[in-house]
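Single-structure report; data block below.
As the structure is a computational prediction, the values presented were derived from the model and not from experiment. Quick note: numbers below take in every heavy atom, side chains included, and nothing from hydrogens, waters or symmetry partners. If you read the sequence from its start, that first residue is 1, and numbering goes on from there.
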Amino acid sequence: MRLLNLKGGLLLLLPYFVSAQTINKGELFVAPNTQLSSIGAFDNTTTGVVINDGELFLYSHLNNSGLVSFSRGNSSGITRLYGESGYQNISGSVPIEMNNVEFKNSTSDKGAAFHVSNYLSIFGIADFKEGIIDDDSYDGVVIFENGSSCLNASDKSFIDGEVKKIGNKDFTFPIGDKLKYRSVGISALKIDSDAFSGKYFLENVDILYPLKNKEKNILIINNKEYWTVKKAGAASDIIITLSWDEATTPATIIESPSDIHIVRWDNSKKVWVDQGGIVNLQDKTVSSPATISGEGVFTIAKFKKTNSFVVYNSISPNNDGLNEYLRIDGLEGTENEVEIYNRWGVKVFQTTAYGTKENVFDGFCNVKNLLLRNEKLPSGTYFYILSVTKDMVDTKQTGYLYLSE
């Protein structure tokens, strides 16, 4: 066992190794371009202060009852959790703050290499190299602070349990369950203080949220997995992105990817409601075409196609007589509504009785209270929602829209 009782701080200029158990009772400063390694368990006591602006290698457990943090404004500090002889506990009575962190542990205990029973806040980049992080079984929480991000999450390394995200940056939650990584993404956030949490469940959603209670245009709902997304003091509406995987998602859902939509359990109505779907075949994801105000339980479903509408989704309003407006065939004799959103989920166009009396989208914004009202929109990718009622049957179609000069 090694005791550290450093009142004036420690400036490390060369690689430094601590073997056996390390107990810190004073101030420990790891300077930039400096390495500190602890082979044994690292216990930061109530009087202990650890400021890591360099490289801190922890090969065993980390327990914090004092302060573990980094200097604000320093972007280079990294904590490398490199377990080599068993799982690693991340515990303590006081939350832990890390700038950048790398998870790399080839050992496991029932699938989990890291047992998180404390609050772990990440301010920089979390690199998921190897080892599953379990905060669900140990009542811990992993928090990604404003401006943070993650990379390399996979079946080999993800967070099993609830993850919290703070800030206005688009984020993909690195979550999974039962050795399977299954992400959920949120975007179109607007406020720095927005806070959301995400969690994945590889289990039958029907037990808690009956699949028979659904809108009539929903054909088959995924009964193998679901996600929860919750607001934690958030103000923004969000775009939701879910993923699918042949190993977990029923084949009946993904056999026709163009028919995949996101569905949400409406807790007030006790029914599954359609949220639309923009499918990305390469990434195996589906996104809501517009922002969603409701939080709660989400999964994917096969949508019942009952229309023959054709949307010509390439628009170039440049007065050359070609593709001057969004053309939609098959709307004759219907009640309809067209909504168009930009990539941040902001509605830029809305109208009913589309196609009548030159009532079409020609690249101009028509939404009140927007600075762009009556102005030509910039080139880029947009999303449309087409809602149609014909012969007393309601249908909804969503997709991409490409606007160019």
Against Phe114, only a single residue in Phe103, Tyr138, Phe128, Phe158 fulfils ring pair (Phe, Tyr, Trp, His ring centres under 6.0 Å); can you say which? Phe103

At what distance, to the nearest 0.5 angstrom, does CD1 of Ile78 lie from CZ of Phe70? 12.5 Å

Looking at Phe196, is Lys165 sitting on its ring face, NZ or CZ under 6.0 Å from the six-membered ring centre and within 45 degrees of the normal? no

Can you tell me how the ring of Phe171 sits relative to the ring of Phe144, calling it parallel under 30°, perpendicular over 60° and tilted otherwise? tilted

Do Tyr400 and Phe383 have ring centroids that are under 6.0 Å from one another? yes

Sub-6.0 Å ring centroid separation between Tyr226 and Phe201: yes

Over 12 foreign heavy atoms within 6.0 Å of NZ, Lys156: no

Please name the pair of heavy atoms, one in Asn318 and one in Glu324, separated by the smallest distance, quoted to 0.1 Å. N-OE1, 3.3 Å

Looking at Tyr325, I'd like to know if its OH atom is crowded, meaning that more than 12 non-hydrogen atoms belonging to other residues, nucleotides or ligands lie closer than 6.0 Å. no

So which pairs with a foot in residues 201-210 pass side-chain hydrogen bond (donor to acceptor under 3.5 Å, both in side chains), sequence neighbours left out? none

Can you name the closest pair of heavy atoms from Thr241 and Ser287 and give their distance? OG1-OG, 2.7 Å

Hey, is NZ on Lys190 packed in by over 12 heavy atoms from elsewhere, all under 6.0 Å? yes

